[in-house]
K.L.:
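This is the structure, below, for whatever I ask next.
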Amino acid sequence: MHRGQYPYLKVKGRPDRTDIAFDRAVGDPTPVQPASRPNLDKGFNPLTMILFFGILAVGLLFVAYSIYADVNATGMRVTTYLPYILLFVALLIALGFEFVNGFHDTANAVATVIYTHSLPAEVAVMWSGFFNFLGVLLSSGAVAFGIVSLLPVELILQVGSSAGFAMVFALLIAAILWNLGTWFFGLPASSSHTLIGSIIGVGVANAVMRGRDGTSGVDWTKATEIGYALLLSPLFGFICAATLLLLLKFIVRNPALYAAPEGNKAPPLWIRGLLIATCTGVSFAHGSNDGQKGMGLIMLILIGTVPTAYALNRALPESQVAQFQTTSEAAAKVISAKGAGHSIIGDPRPAVTQYITQRHINEGTYPSLAVLVKDVGDQVTKYGTLNKVPAEVVGNTRNDMYLTSEAIRFLMKDKENDLNKEEVATLNAYKGSLDAATKFIPTWVKIAVAIALGLGTMVGWKRIVITVGEKIGKSHLTYAQGASAELVAAATIGAADVFGLPVSTTHVLSSGVAGTMAANGSGLQWSTIRNLLMAWVLTLPCAIMLSATLYVIFSRIF
């Protein structure tokens, strides 16, 4: 092994100055055995590969059967298979994004346990893949629709059209291409940054193609909120991981925690347990947060291609439908009172859509929204339950509900809304009823995304693992450094999941490792830090340009 290949390995029998200084500080002048590079080249045995492809095949069959069962339950007759072909292609691309996300982002979670010899590489990636799988299954769904809300409302309302398919294909393919490019060069770039940049690119291109200002094609309030979470999370990871390491040094005086691994020897049991626990937490949190991004896009695809089965939550119990009627009547009174003295003639939807696009209240906003709320309430009352809404009108009912929900969401944030606390509470309760009917994720979608993310974790992880484990700091990763970075990453991602904000596992953990290296005085490899910063800065603009270009191309093809 060449020293240049692994720059911070010590020459055998010559401890580096960091080890000698620490040994003297704790009263042990005996040099430690230099740490060895983990074995990253051991392949999976044939049984593992058979199991891998077996799970993949079962997953695809499960998806196909679930869609068939859901469509069959609606009683709809299949007259053409074209929508299902498009659906199959779109689902493959969406699940492909989650697969790439698995080996691109989750490599960060396993780097610390691999480089501290807590787990062999092949065991670590399977362990992480399993907990990514669990994280997706147990996720809340809040992040999924937070991502979707960035898309232009007019494209969401016509997601089943050619423009809708162009949107989905453009943003997913752009995200996959950028992720694969950064993975090829071993750069831990953010899948979250990439996807959000792709969504913004589609929104801007759509607005320009419709003759509007490009800035009107994106919900910039939501984009800014998400942008802060993505931009600040690396700084948070760096500072908190560094602080945690210094705190550990002050409280826990066991020198074994701050030493690099000796050769290929596994760490003491309690340290090993801590590192495996933190790896588990990051993997679970990553699945819970990142897995939802694919879920939201898959729901858009399903709504566009098979609206009869997926536009409305047909599993909503009758008790909640009755509650919807109550909240609808209360909301209608509030909005009608605000629009008193004004009336509209004709379709209220263009005025409501205009308000969502421009976010400016005019004299027609409240009257139009009042009529739309009444129309939605009448539709639900007419059919009694969502399960009885006829196939030919289910898409329109869903669009009216979504349009009303988005209008109320922006109304809540509008400083000119002139609403008191009781009225805000009434409208929020109504919005909750609307979202329960339209923003849902079937169990099989969670399972499909969980399989894609979990299996992706087991493939292609090596490039990113080497960058995190070898190329950030100048010295070998210690047990305390690995645990500090992982603990901060798991806590940050878990908190973001609770608040419905997408954050980057990659940025939080790699910046956490850098923070522990800086706090420990180990030194940083500035060439790697420069490349990470470049990827961090370039991901958004490159994803925006790539997805905008693809959207223009696909809009002319479909």
Side-chain angles (χ1 to χ4, degrees), residues 142-159 167 196 199-200 202-204 206-207 210 212-229 296 300 324 327-328 330-339 342 344 347-377 398-439 499-502:
V143 173
F145 296 105
I147 288 288
V148 170
S149 64
L150 283 174
L151 290 164
V153 66
E154 64 266 22
L155 284 183
I156 294 179
L157 295 179
Q158 54 177 332
V159 71
M167 168 189 71
I196 289 167
I199 289 173
I200 292 173
V202 166
V204 170
N206 178 69
R210 292 171 180 267
R212 301 200 312 263
D213 181 2
T215 59
S216 67
V218 178
D219 177 3
W220 291 107
T221 303
K222 188 69 177 177
T224 302
E225 181 183 318
I226 291 174
Y228 279 136
L300 273 184
F324 173 84
T327 58
S328 176
K333 291 179 182 178
V334 170
I335 297 172
S336 297
K338 295 296 177 182
H342 298 87
I344 63 163
D347 188 359
R349 292 163 187 80
V352 176
T353 303
Q354 182 182 27
Y355 168 68
I356 294 172
T357 303
Q358 299 179 355
R359 262 89 79 182
H360 175 69
I361 297 176
N362 57 40
E363 62 182 15
T365 301
Y366 279 116
S368 299
L369 185 56
V371 173
L372 187 57
V373 169
K374 185 178 182 302
D375 282 355
V376 171
R398 187 258 175 195
N399 280 353
D400 286 350
M401 286 182 168
Y402 183 83
L403 196 61
T404 305
S405 175
E406 287 296 282
I408 291 174
R409 178 168 74 90
F410 287 117
L411 206 57
M412 297 296 99
K413 298 178 180 180
D414 201 315
K415 295 179 181 179
E416 301 177 5
N417 62 26
D418 191 28
L419 297 169
N420 59 40
K421 290 184 179 179
E422 291 75 15
E423 291 168 339
V424 167
T426 299
L427 293 182
N428 276 331
Y430 177 55
K431 184 180 184 304
S433 297
L434 288 169
D435 292 347
T438 56
K439 296 181 179 180
F499 291 104
L501 293 172

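Note that the structure is a prediction, hence the values are computed from the model and not measured. Sequential numbering from 1 along the given sequence is applied to the chain's residues.
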K.L.:
Quick check: do Lys338 and Leu419 have side-chain heavy atoms less than 4.5 Å from each other?
P.N.:
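Touching, per the 4.5 Å side-chain cut-off.
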
K.L.:
Rounded at 0.5 Å granularity, tell me how far NZ in Lys431 sits from CD1 in Ile408.
P.N.:
8.0 Å

K.L.:
Please report, to 0.1 Å, the donor-acceptor pairs under 3.5 Å made by any side chain of residues 365-374, with sequence neighbours excluded.
P.N.:
from   : atom 1 : to     : atom 2 : distance (Å)
Thr365 : OG1    : Asn362 : N      : 3.0
Thr365 : OG1    : Asn362 : O      : 3.4
Thr365 : OG1    : Asn362 : OD1    : 3.2
Tyr366 : OH     : Asn417 : O      : 2.6
Ser368 : OG     : Gly364 : O      : 2.7
Lys374 : NZ     : Asp378 : OD2    : 3.1

K.L.:
Using every non-hydrogen atom in the two residues, find where Ser405 and Lys439 come nearest and quote the distance to one decimal.
P.N.:
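Closest pair (atom of Ser405, atom of Lys439, distance): OG-NZ, 4.5 Å.
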
K.L.:
Donor-acceptor pair, Glu423 side chain versus Asn420 backbone, under 3.5 Å?
P.N.:
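The answer is yes, because a donor-acceptor pair under 3.5 Å joins these two groups.
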
K.L.:
Could you pull out all residues at least two apart from Tyr430 that satisfy side-chain hydrogen bond (donor to acceptor under 3.5 Å, both in side chains)?
P.N.:
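Expected list: none.
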
K.L.:
Within this structure, what is the CD1-CE distance for the pair Ile156 and Met167, rounded to the nearest 0.5 Å?
P.N.:
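Answer rounded to 0.5 Å: 6.5 Å.
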
K.L.:
Who pairs with Asp400 by salt bridge (charged side-chain N to carboxylate O under 4.0 Å, His left out), at least two apart in sequence or on another chain?
P.N.:
Arg349

K.L.:
Return the set of residues passing salt bridge (charged side-chain N to carboxylate O under 4.0 Å, His left out) with Arg398 (not counting sequence neighbours), or none when no residue passes.
P.N.:
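Once residues adjacent in sequence are excluded, Arg398 has no partner under the salt bridge (charged side-chain N to carboxylate O under 4.0 Å, His left out) criterion.
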
K.L.:
Does the side chain of Lys333 come within less than 4.5 Å of Thr426's, by heavy atoms?
P.N.:
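No, every pair of side-chain atoms sits at 4.5 Å or beyond.
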
K.L.:
Just how far is it from atom CZ of Arg409 to atom OH of Tyr402, taken to the nearest 0.5 Å?
P.N.:
7.0 Å

K.L.:
Taking atom CD of Glu406 and atom OG1 of Thr404, what is their separation to the nearest 0.5 Å?
P.N.:
10.0 Å

K.L.:
OG1/Thr353 to CG/Leu403 distance, rounded to the nearest 0.5 angstrom?
P.N.:
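Separation between the atoms: 4.0 Å.
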
K.L.:
Ser433: which residues meet the side-chain contact (heavy atoms from CB on, under 4.5 Å) condition with it, sequence neighbours left out?
P.N.:
Phe324, Thr327

K.L.:
Between CG of Leu427 and CG of Leu434, what distance do you get to the nearest 0.5 Å?
P.N.:
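Rounded to the nearest 0.5 Å, the CG-CG separation comes out at 10.5 Å.
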
